[in-house]
Structure formats: structure tokens, C-alpha cells
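Bear in mind that the values here come from a model prediction, so they are computed numbers and not experimental data. Just so we're on the same page: letters track the sequence lines, and every chain starts at 1. Reckoned from all heavy atoms, side chains included, excluding hydrogens, waters and symmetry mates.
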There are 2 protein chains.
Amino acid sequence: MSDITESQKMPDFLCCVDCIGFNLRKATRAVTQLYDETLRPSGIRGTQHSLLVVLKIIGPVLVTDLAEKIVMDRTTLSRNLEVMEKQGLVNVAPGEDRRTRWVTITEPGSAVLLEAYPLWQQAQAKIRESMGEERLQVLMADLSALIDVSQAR
Amino acid sequence: MSDITESQKMPDFLCCVDCIGFNLRKATRAVTQLYDETLRPSGIRGTQHSLLVVLKIIGPVLVTDLAEKIVMDRTTLSRNLEVMEKQGLVNVAPGEDRRTRWVTITEPGSAVLLEAYPLWQQAQAKIRESMGEERLQVLMADLSALIDVSQAR
DNA sequence: TTTATATAGGAGTATATACACATAATTTTA
DNA sequence: TAAAATTATGTGTATATACTCCTATATAAA
């Protein structure tokens, strides 16, 4: 067998099905669907729920700061906030520095969040009870580590 | 303190930042960006790369079967395939059962996949070397378990 | 103080995602 | 075999995602 033949051999790509990104996206699709479905009676999705939660805890906050906090592209966050502002869930208002926008959860937003709470608990409990507490703690730490290595430049 | 006051107390939502869905999406955004950025010279994204890999290994395959295999909504897959067909990466052709469509990776699709291989390896290695092999094995198993519990009805 | 640079955000475009509904073809049932 | 049920897929609509380019504003430098 010649070296040329050896070096030109087509890989079988079997190892590529272990792609971290692929498997993360796959799991995220399934899990997001569970949360979305469970949250449906509240009228908001998982993404919106998470955004309201963060705003409730750390808001008011600037768009760019919020984006960095939740590891979301600034423009993605802007588009998401646009929808939620139309729905009356959040308020986006210019600051003293007129380049900036302060994002705040509204009173209706807080009400929806409260209404969604038992629903969110239900989805969260389903996973928690199946996976177990310790396993989830490890998973959370690993997800955090994935963010760190992915953002390391 | 009365029972009514107690029961009406607003939760602080701090526990909600441990939402599995939220943290999964957060990590997926970061990791997907790493793969997308690394794959950029090949002209395809992580999602498309994964799709080509699966097609290379198990194709030709019907749309619905492929969707189930990769835990993706059938209509989402259709939309993604539409783009990739326009780019000449895949072929979608009707089967004998005229309701069905067989999806196949094309010759150009295979070529792109081969070109993307070292790039994908680079992104994968970066994460692998940072996280370690055993930790990743556990993570993969946990992601798989998340899919199972999320889809359990 | 004018100019250069940096920062915050928006707009255009494109892919990724999925639900509700519709259609066409096949299979099952009466 | 004709009607009913099932199956495979497509369409309309909406949110989620992010890159590139652009504008407005503020800060630093000359």
C-alpha cells in the first residue's frame, strides 16, 4: 500500500457523530421543546421565561451587558426584546448616555413570570427527578466549562 | 405572619437561573459559535456539517426518519435541507412511495465534508483537550439522558 | 477645539427552530 | 371496492440565532 493511497484515504466520519456541538444542539432541541410545551399555558416560551427571570433579578440592565451575561449575541437579544416589548413583557428605554438602552421587566411581565412559575417548576422537576441532583450539578458545571473554552481566544 | 401573606409571597426566581433549558441553550450558543467560526473556511456551519456527516454515514434516508434520528422537528429539517439543496450539498428525491423523499449527500457535499474535516477536528480537539476525555463521555451520556426524559410522555 | 477612536445600538440578511394547518398518497376497514 | 384512517410531506407564520454593515454618541488624542 503506497503512502499516497494512505494519505488520500477518505475518513469514515464516524467520530464526527460525537461532535460536542451536534449533541448539544440535539439535547437542547429536545429540552427546549419540553419547557416550551410545559410553559405554553402561560403564553411565553423558555427563552422568554429565562430572559424575564434574569431581568427580574438583575434588571434594569443595558442591552450589551445583558447580552454578555446570558451569552447571547447582542443583535439576537435585541430581536428577542423587540418581540417581548410588543407583548408588553419588557420595557426598553434610552439612558442618559443616549447610545444606551435600559431593559426592564414590566408589571405585566412580572405577572406572567409569576403565572409561569409552577409550570417551569413542573418541567424542571421532571428533569431533576429523572437525572438526580448530583448529576445535574456536574452537568451545570460542564456546561459552564464549555462556555469558557468556547469563548477562550 | 398570616397564612395568606405567606402563600401570596412572590418567589425570588433565583432558582430559575438553574433552569436546565436556559443553561443548555447558553452553552449551545457558545459552542455552536466556536464550531461555526472554525468551520467558516469550508463554507458550511456546524448544523450543516452534522447533517452531512449523518447523511454520509446512514444515507440515503427518508426525511422523517432522518428527523427522528437527529431529534429535529421534521419541518425544521425540511427547511434546512432546502437551503443545502440549493447549495448543491444534498439531493432530495421522491421515492417509490410518492409521499416520501429520499435524502442523499451529493458528490460536492462529500467534497465539502472532506475539506471541513480538519477544521472540525480543530474545534473538537480544542474542547476535548480542555475538558478531558472522561468528562466528555459523561457529558455525552447526560445529554442523551436529557433527550430521553424530555421526550418521555 | 477639532479630529480620531471607541462604544452602544440598529438594520439587512440568512440560517435554525417548530407549531398549526393543509395536501397528497397509502393503508386499513367496512 | 369505496370510505375511513393513517402516513409523509409541504406551507404559513412566528420566534431564535448571529454575521456584516451602518449610525449616533461619547471619549480620547492631536
Side-chain angles (χ1 to χ4, degrees), chain A residues 21-22 24-40 43-51 61-68 70-87 89-90 92-103 150-151, chain B residues 21-22 24-40 43-51 61-68 70-87 89-90 92-103 150-151:
Chain A
F22 176 46
L24 262 179
R25 282 191 300 273
K26 207 161 59 170
T28 298
R29 284 193 291 267
V31 171
T32 294
Q33 273 188 72
L34 170 63
Y35 281 92
D36 283 359
E37 184 183 324
T38 311
L39 285 172
R40 195 156 300 147
I44 58 172
R45 297 186 177 192
T47 303
Q48 300 181 327
H49 178 263
S50 302
L51 221 46
V61 62
L62 298 178
V63 173
T64 300
D65 294 340
L66 180 55
E68 188 180 8
I70 63 177
V71 191
M72 181 180 281
D73 187 88
R74 183 182 53 76
T75 66
T76 301
L77 176 58
S78 280
R79 295 280 150 85
N80 292 355
L81 288 174
E82 210 175 312
V83 172
M84 296 173 73
E85 199 181 17
K86 277 177 193 155
Q87 296 169 342
L89 301 171
V90 302
V92 184
E96 273 189 34
D97 180 339
R98 283 181 297 174
R99 293 171 301 182
T100 64
R101 305 262 166 183
W102 289 99
V103 186
S150 296
Q151 292 187 333
Chain B
F22 175 46
L24 261 180
R25 282 190 300 274
K26 205 160 61 168
T28 298
R29 283 193 291 268
V31 171
T32 294
Q33 274 188 70
L34 170 63
Y35 281 93
D36 282 359
E37 183 182 325
T38 311
L39 285 172
R40 194 156 300 147
I44 58 172
R45 298 186 176 193
T47 303
Q48 300 180 326
H49 178 262
S50 303
L51 222 45
V61 63
L62 299 177
V63 173
T64 300
D65 295 340
L66 180 55
E68 187 178 10
I70 63 177
V71 192
M72 182 180 280
D73 187 88
R74 182 183 52 75
T75 67
T76 301
L77 176 57
S78 280
R79 296 277 151 85
N80 292 354
L81 288 174
E82 210 175 310
V83 172
M84 296 173 73
E85 199 180 18
K86 277 179 194 155
Q87 296 170 341
L89 301 171
V90 301
V92 183
E96 273 189 35
D97 179 338
R98 283 180 296 172
R99 294 171 300 181
T100 65
R101 305 263 167 182
W102 290 99
V103 186
S150 296
Q151 292 187 332

[X] [atom1] to [N] [atom2]: how many Å, rounded?
X: A/R40; N: C/dA20; atom1: CZ; atom2: C1'; value: 10 Å
X: B/R45; N: C/dA14; atom1: CZ; atom2: P; value: 11 Å
X: A/D73; N: C/dA11; atom1: CG; atom2: C1'; value: 13 Å
X: A/E82; N: C/dG9; atom1: CD; atom2: C1'; value: 12 Å
X: A/M72; N: C/dA8; atom1: CE; atom2: P; value: 19 Å

Inter-residue atom distance [X].[atom1] - [Y].[atom2], 0.5 Å rounding:
X: B/R74; Y: B/D65; atom1: CZ; atom2: CG; answer: 12.0 Å
X: B/Q33; Y: B/R45; atom1: CD; atom2: CZ; answer: 10.5 Å
X: A/T28; Y: B/L24; atom1: OG1; atom2: CG; answer: 4.5 Å
X: A/L77; Y: A/L51; atom1: CG; atom2: CG; answer: 6.0 Å

For DNA chain D, which nucleotides open and close the run of contacts to chain B, 5' to 3', at under 4.0 angstrom from a non-hydrogen atom?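 Contacts span D/dT7 to D/dC19, reading 5' to 3'.
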Mind checking [X] for me? I need base, sugar-phosphate or nothing, with any heavy atom below 4.0 Å counting as a touch.
X: B/D97; result: sugar-phosphate
X: A/T64; result: sugar-phosphate
X: B/T76; result: base

Nearest-nucleotide wise, let me know which of A/G46 and A/E96 is further upstream toward the 5' end of DNA chain D.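 Mapping each residue to its closest nucleotide by heavy atoms, the 5'-most match is A/G46.
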Which residue lies toward the 5' end of DNA chain D, A/R98 or A/Q87, if each is placed at its nearest nucleotide?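 Nearest nucleotide further toward 5': that of A/Q87.
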Determine: side-chain N/O of A/R99 to OP1/OP2 of C/dG9, distance under 4.0 Å, yes or no.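 No, no such contact exists.
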Checking only heavy atoms, does the side chain of A/R79 share a donor-acceptor pair with the base of C/dG12 at less than 3.5 Å?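 Donor-acceptor pair under 3.5 Å: yes.
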Any N or O donor-acceptor pair under 3.5 Å from the base of C/dG9 to the side chain of A/R101?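 There is none.
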Closest-nucleotide ordering on DNA chain C, the 5'-leading residue of A/D36 and B/Q48: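 On the 5' side of the pair lies B/Q48.
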DNA chain C: 5'-proximal contact among A/T75 and A/A30 (nearest heavy atom):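 Nearest-nucleotide comparison on DNA chain C picks A/T75.
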Test side chain to side chain contact (heavy atoms under 4.5 Å, CB included) on A/L81 and A/R101 and set out the steps. CA-CA 11 Å; A/L81 288 174; A/R101 305 262 166 183; over 6 Å; no
Using the rule given for side chain to side chain contact (heavy atoms under 4.5 Å, CB included), can you reason through A/R25 versus B/S50, listing the C-alpha separation, both sets of side-chain angles and the distance that settles it, and then say yes or no? CA-CA 10 Å; A/R25 282 191 300 273; B/S50 303; 3.2 Å; yes
Determine whether A/L34 and A/V31 satisfy the following criterion, side chain to side chain contact (heavy atoms under 4.5 Å, CB included), listing intermediate values before the conclusion. CA-CA 5 Å; A/L34 170 63; A/V31 171; 5.5 Å; no
